[in-house]
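In the text below, chain A, chain B and the rest are named by the order of the sequence lines, each starting its count at 1. Just so it is clear, the values below take in all heavy atoms, side chains as well, and ignore hydrogens, waters and symmetry mates.
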Amino acid sequence: MAANSESRVPVLRVRKLNGHPVKVEGKYVLYWMIAARRTRWNFALDRAVELARELDRPLIVLEPLRAGYRWASDRIHRFVIDGMADNAKAFQGTGVVYHPYVEPDPGAGEGLLRGLAGEACVVVTDDFPAFFLPRMIGAAAEKLPARLEAVDSNGILPMRATEQVFARAFDFRRFLQRELKPHLVRLPRRDPLRTKLRPRQRLPDGIAKRWPRATEAVLEGGENVLADLPIDHQVPPAPYGGGAREGRRVLREFLKVRFKRYGEDRNHPDSDGASGLSPYLHFGHVSAHEVLQSLAEHEGWSPENVSGLKSGKRSGWWGMSAAAESFLDQLVTWRELGFNLCVHRDDFDLYESLPEWSRATLEEHASDPRPHVYTLEQFDGAETHDDLWNAAQNQLRMEGRIHNYLRMLWGKKILHWSESPQTALEIMIELNNKYALDGRDPNSYSGIFWVLGRYDRAWGPEREVFGKIRYMSSANTRRKLHVNQYIERWDGWQPSLGF
DNA sequence: ATCGGCTCGCGCAA
DNA sequence: TGCGCGAAGCCGAT
C-alpha cells in the first residue's frame, strides 16, 4: 500500500502507535471513535475512509462510552449519547457499520476492541492529549493484534507541528502568525461519507451478541436509561443537548445572532454573548475547522486575506472584523495553546507544572492566614459567604458551564479560601471535571492553572495568600460587570427545586 | 474617568 | 544588554 502519498490527511496528524503492519487480508478497517465524535470535518474518519478505499474493504466505526471512568455522570453520558444518536443517523445508508456501545458496567466492554481488531486490516483512532485517553490509547497500542494509528483532528495547527511548549499566549500567537497559514488550506472533508465504500451489514456475530449496539431507546433515551448505569446521578443532564446537530445549530445561531455582540457584551454575565461552543468542541461534536469555515463564510474571508503581521498582537493577523479576530483568538490561540502543553507534558494537571515564579511566590505565602477556609463540600454546595461566587458555582452545577469572566473569579476565590494552593488546585479540578461539560479538556486545565499563574505574569503589590499572583475581587467584579440578574437567577438556586 | 506603578520573563533589536 | 510588552487586576492619585 502506498504510504500516505495521496493522502489528504497531513502526515503530521497521523501517528503510528505500534509495529504491526497493515493486514491486506483483513476483513475491514476499524475506526475507534473516542474523541472526535462526529462524521464531518474529521481527519481520523478521513484517514479511515481513505484506508478502506485503498484496501477495498468495508469500514466499521466503534463509538464506545465507558461506565467506569472518573466523573462519569448523567450529565456527561446524556451529552455523549445525544452525539451517538446523531452519528447513528449520519451513518445510516452509507454502508458503514456504526456500533455505538454504552458500557453497562465498568469492565463490561473489555475485549470488544480487541475482538474487533482481530479481523481488522488496521485500526484508526483519535489522538487526544488529556484525561484518560493517552493512557488508554497507549495500552491499546500494546495489546491490539493490529496496527493502531492515532489521528489528530483537534485543531487548526497539528499538535505535533511544534516541539516547544509555549509559556505565554503571546509567544504562541507569534508562532502561529509565522506558521499557521499553510495549515489553513489543509482541511478535513466536509462530508467524508459521500464516497463509495464497500458496504457491510453487521459486526462479526459473536461480537454483536456479547457487546450489543446501543438500542434506539437508549440513543433517543429517557433518563431511566441513565438510571440503570453505575454513574453519578447527582449530576443531572445539562439543560441543553449534545451532539453534532445541536452543536451545528449553536454555531449557526451564534454567528447569526450573538456574534455582533461578541467583544462588547461577552464579558457581561447578564448578556448572552459567548459562543457556547466549548462543550461541543470538547466532545468533538463540532470541529474547529468547521467553526473556522463557517466564520470565513460569514465574513467573506479566505486564507489569502491573512496579513503579513507577525508581531504577536491579538488583532490584525487574520484580516477579519474585530469581533471575528477576538473570537479566533479564543478558538485558535487559546484553545490550541492548551493542546500544545498537554501534548508535550504529561504533568499538565500537576501543581509542579506551574512556572517557577508562581510556585515560589505561592510558597512564600503558604502560611498566610486565609480570610475564610471552605471544604470541598462547602464549595461544591455553593455555601460560601459570597453570593456572586455562589451564583457562579450554581451555574456550574446546573448548566455545566460558568460564564467565562466569572470563571476566573471563581478560581481566584478558591485559591483565596483554601488552606493551600495545592488544595485549591485539587478543588478546582474536582469541581470543574465533575460539573463542566468542557471539563477534562486541555482548555479547562489552562483556565484552572491560569488562576495560579500559568500563562500569566507577576503583579504587584504583593498580597496575602496570592503573593504576586494576579488578584481578583468580587467587589470589583460587581462594579465592573452587570451581574445583578445573574446573581438573582443563580444565587438562590437549589438542586431540589430543579430548573 | 484615566493614569501609573506594582512585577516577571521572553524575544528581539542593538 | 536593554527595551517593550503581555487574557480579563488593583489601588491610589489626579
Side-chain angles (χ1 to χ4, degrees), chain A residues 162 164-179 261-271 273-275 278 308-317 322-323 325-341 353-365 371 386 388-389 392 401-416 428 438 442-483 486:
Chain A
T162 169
Q164 323 144 55
V165 172
F166 292 89
R168 302 175 312 176
F170 185 86
D171 301 332
F172 184 55
R173 194 181 296 113
R174 189 163 39 196
F175 174 87
L176 289 175
Q177 292 174 353
R178 279 195 275 257
E179 305 291 337
R261 303 201 291 262
Y262 198 86
E264 316 153 26
D265 281 11
R266 178 165 60 100
N267 284 341
H268 291 291
D270 286 353
S271 73
S275 79
S278 101
L309 297 171
K310 292 174 171 54
S311 59
K313 289 224 181 305
R314 248 179 302 176
S315 64
W317 184 79
E325 300 226 345
S326 108
F327 175 62
L328 286 172
D329 202 47
Q330 305 299 311
L331 180 77
V332 184
T333 310
W334 279 95
R335 179 164 180 272
E336 301 192 14
L337 182 62
F339 282 86
N340 167 261
L341 181 74
S353 70
L354 282 167
E356 189 62 39
W357 72 266
S358 80
R359 275 178 294 140
T361 194
L362 287 168
E363 192 69 21
E364 278 190 53
H365 293 268
D386 181 336
L388 181 54
W389 192 93
R401 59 188 174 204
I402 303 187
H403 182 273
N404 57 18
Y405 192 98
L406 292 178
R407 194 167 204 145
M408 297 184 283
L409 180 72
W410 176 86
K412 291 287 184 185
K413 293 297 108 177
I414 292 176
L415 171 61
H416 207 172
M428 284 191 278
D438 65 358
N443 286 278
S444 271
Y445 288 101
S446 296
I448 286 168
F449 278 81
W450 178 84
V451 164
L452 303 173
R454 176 174 295 163
Y455 302 131
D456 207 6
R457 61 175 147 140
W459 289 88
E462 200 163 345
R463 293 162 189 278
E464 299 233 302
V465 184
F466 286 79
K468 295 168 191 165
I469 303 283
R470 183 195 300 256
Y471 178 78
M472 291 175 86
S473 80
S474 297
N476 277 318
T477 305
R478 282 161 207 269
R479 268 193 287 276
K480 207 151 58 175
L481 303 182
H482 312 141
V483 295
Y486 183 86

Give the dot-bracket string for DNA chain B, reading 5' to 3', where a pair is Watson-Crick or G-U wobble with both distances under 3.5 Å, ( ) marks pairs inside the strand, [ ] marks pairs crossing earlier ones, | marks a partner on another strand, and . marks unpaired. ||||||.||||||.
Which part of the nucleic acid does [X] contact within heavy-atom distance under 4.0 Å: base, sugar-phosphate only, or nothing?
X       : value
K313(A) : sugar-phosphate
M408(A) : base
R479(A) : nothing

Measure from [atom1] on [X] to [atom2] on [N] and round the result to the nearest Å.
X       : N       : atom1 : atom2 : value
N476(A) : dC10(C) : CG    : P     : 4 Å
R173(A) : dG6(C)  : CZ    : P     : 9 Å
I469(A) : dC10(C) : CD1   : C1'   : 15 Å
R470(A) : dA7(C)  : CZ    : P     : 9 Å
R463(A) : dC10(C) : CZ    : P     : 8 Å
E464(A) : dC11(C) : CD    : C1'   : 17 Å

Given 3.5 Å as the limit, does a donor-acceptor pair link the side chain of S444(A) with the main chain of D438(A), or not?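 At least one qualifying donor-acceptor pair exists.
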All ring pair (Phe, Tyr, Trp, His ring centres under 6.0 Å) counterparts of [X], not counting sequence neighbours:
X       : result
W334(A) : Y455(A)
F166(A) : F172(A), F175(A)
F327(A) : F254(A), Y262(A)

My understanding is that only residues two or more places apart in sequence, or in another chain, count here; which of them pass salt bridge (charged side-chain N to carboxylate O under 4.0 Å, His left out) with R463(A)?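 If we apply the salt bridge (charged side-chain N to carboxylate O under 4.0 Å, His left out) test to R463(A), skipping adjacent residues, there are no hits.
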Which residues pass the salt bridge (charged side-chain N to carboxylate O under 4.0 Å, His left out) test with R454(A), sequence neighbours left out?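 For R454(A), no residue satisfies salt bridge (charged side-chain N to carboxylate O under 4.0 Å, His left out) once neighbours in sequence are set aside.
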Can you tell me, in whole Å, how much space there is between the [atom1] of [N] and that of [M]?
N       : M      : atom1 : answer
dG4(C)  : dG4(B) : P     : 14 Å
dA14(B) : dC5(C) : P     : 14 Å
dG5(B)  : dC3(C) : P     : 15 Å

Once side-chain hydrogen bond (donor to acceptor under 3.5 Å, both in side chains) is applied, do any residues pair with D456(A), and if so which ones, sequence neighbours excluded?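 With sequence neighbours excluded, D456(A) shows a side-chain hydrogen bond (donor to acceptor under 3.5 Å, both in side chains) to R470(A), given in chain and number order.
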Are M428(A) and V451(A) close enough that some pair of their side-chain heavy atoms sits under 4.5 Å apart?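 Result yes, sub-4.5 Å side-chain heavy-atom pair found.
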Considering only residues two or more places apart or on different chains, which pairs with a residue in residues 329-341 of chain A satisfy salt bridge (charged side-chain N to carboxylate O under 4.0 Å, His left out)?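 Sorted result for residues 329-341 of chain A: R173(A)-D329(A).
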Once base and sugar-phosphate atoms are separated, protein heavy atoms under 4.0 Å mark nucleotides 4-14 of chain B, 5' to 3', with B, S and - as --BBBBBSS--
